[in-house]
Amino acid sequence: MTIQLKRVNRDINGNPRYVTHFSELLTQNEFDSFTGLDKINQAYKLAIKKAKKIGGKAYRGKDFGGGIVFQSFNIERTIKDIKGVKNV
């Protein structure tokens with residue numbers, strides 16, 4: 001299982017930040033459990049809830065829709081944390 005992260009501009013304090021698509025935090029079963037016209041929005045909200053547990057938040061940049069941003073000096077640890085919440 002590979003988690004794709006994209007490096008984006010540093011935050012105001014110079015800390016490195018990485019963005020991933022919200023679907024990286026969801027299992028296929030979680031994504032498929034939502035139905036109806038609001039399926040994507042419901043899945044996004046669940047991914048944000050999971051991301052907040054490990055320090056992530058919604059990415060507001062215009063260049064990456066549906067992104068979740070993590071501040072990280074240790075990208076391997078961040079990937080491990082994402083895999084951890086994905087499997088919960």
Side-chain angles (χ1 to χ4, degrees):
M1 164 185 1
T2 303
I3 304 293
Q4 295 182 4
L5 293 166
K6 178 183 175 188
R7 186 159 186 163
V8 293
N9 292 336
R10 295 177 178 265
D11 69 8
I12 195 164
N13 297 315
N15 299 317
R17 298 184 313 152
Y18 298 88
V19 175
T20 189
H21 193 266
F22 78 89
S23 63
E24 295 281 2
L25 281 87
L26 301 175
T27 64
Q28 189 64 45
N29 287 339
E30 288 174 326
F31 191 80
D32 291 341
S33 70
F34 299 109
T35 58
L37 298 175
D38 204 27
K39 178 178 183 170
I40 300 297
N41 192 35
Q42 291 172 342
Y44 182 71
K45 285 180 182 179
L46 176 60
I48 292 293
K49 183 177 178 180
K50 292 172 91 173
K52 286 183 179 183
K53 292 179 182 177
I54 57 172
K57 61 182 183 177
Y59 181 64
R60 303 288 184 212
K62 303 281 188 224
D63 58 331
F64 201 98
I68 297 176
V69 65
F70 296 92
Q71 174 190 328
S72 178
F73 286 98
N74 185 346
I75 196 65
E76 290 81 21
R77 176 63 185 196
T78 303
I79 291 170
K80 184 179 177 183
D81 290 343
I82 291 170
K83 288 179 179 179
V85 297
K86 185 172 186 171
N87 292 330
V88 171

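The residues of the chain are indexed from 1 along the displayed sequence.
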*Asks:* In chain order, what residues pass the side-chain hydrogen bond (donor to acceptor under 3.5 Å, both in side chains) check against S33, with sequence neighbours excluded?
*Replies:* none
*Asks:* Residues two or more places apart in sequence or in another chain: which of them pass side chain to side chain contact (heavy atoms under 4.5 Å, CB included) with A47?
*Replies:* F22, L25, L26, I68
*Asks:* Roughly how far, to the nearest 0.5 Å, is the NZ atom of K80 from the CD1 atom of I54?
*Replies:* 12.5 Å
*Asks:* Going by ring-ring contact (aromatic ring centres under 6.0 Å, His included), name the pairs with one or both residues in residues 24-43, residues two or more places apart or in two chains.
*Replies:* none
*Asks:* If I take atom CZ from residue F70 and atom OG1 from residue T20, how far apart are they, to the nearest 0.5 angstrom?
*Replies:* 7.0 Å
*Asks:* Return the set of residues passing side chain to side chain contact (heavy atoms under 4.5 Å, CB included) with D32 (not counting sequence neighbours), or none when no residue passes.
*Replies:* Q28, K39
*Asks:* For residues 8-17, which residue pairs pass the salt bridge (charged side-chain N to carboxylate O under 4.0 Å, His left out) check, not counting sequence neighbours?
*Replies:* none
*Asks:* Is a donor on one side and an acceptor on the other found under 3.5 Å between the side chain of E30 and the backbone of T27?
*Replies:* yes
*Asks:* Could you pull out the closest heavy-atom pair between P16 and R7, with the gap in Å?
*Replies:* CB-NH2, 3.4 Å
*Asks:* Under the salt bridge (charged side-chain N to carboxylate O under 4.0 Å, His left out) definition, can you give me all pairs with a residue in residues 64-76, not counting sequence neighbours?
*Replies:* none
*Asks:* With heavy-atom distances below 4.5 Å as the criterion, would you say the side chains of Q4 and H21 are in contact?
*Replies:* no
*Asks:* Quick one: does I3's side chain get under 4.5 Å of T78's, heavy atoms only?
*Replies:* no
*Asks:* List the residues meeting salt bridge (Lys or Arg N to Asp or Glu O under 4.0 Å) with R77, not counting sequence neighbours, and say none if there are none.
*Replies:* D81
*Asks:* Can you list, by chain and residue number, the hydrophobic cluster partners of V69 when the side-chain cut-off is 4.5 Å?
*Replies:* V8, V19, Y59, F64
*Asks:* Would you give the length of the straight line joining atom CG of L5 to atom CD1 of I75, rounded to the nearest 0.5 angstrom?
*Replies:* 4.5 Å
*Asks:* Side chains of V85 and K52: closer than 4.5 Å at any heavy-atom pair?
*Replies:* no
*Asks:* Taking side-chain hydrogen bond (donor to acceptor under 3.5 Å, both in side chains) as the test, write out the residues that go with N9, two or more places apart.
*Replies:* none
*Asks:* Check ring pair (Phe, Tyr, Trp, His ring centres under 6.0 Å) between Y18 and all other residues, then give those that pass, not counting sequence neighbours.
*Replies:* none
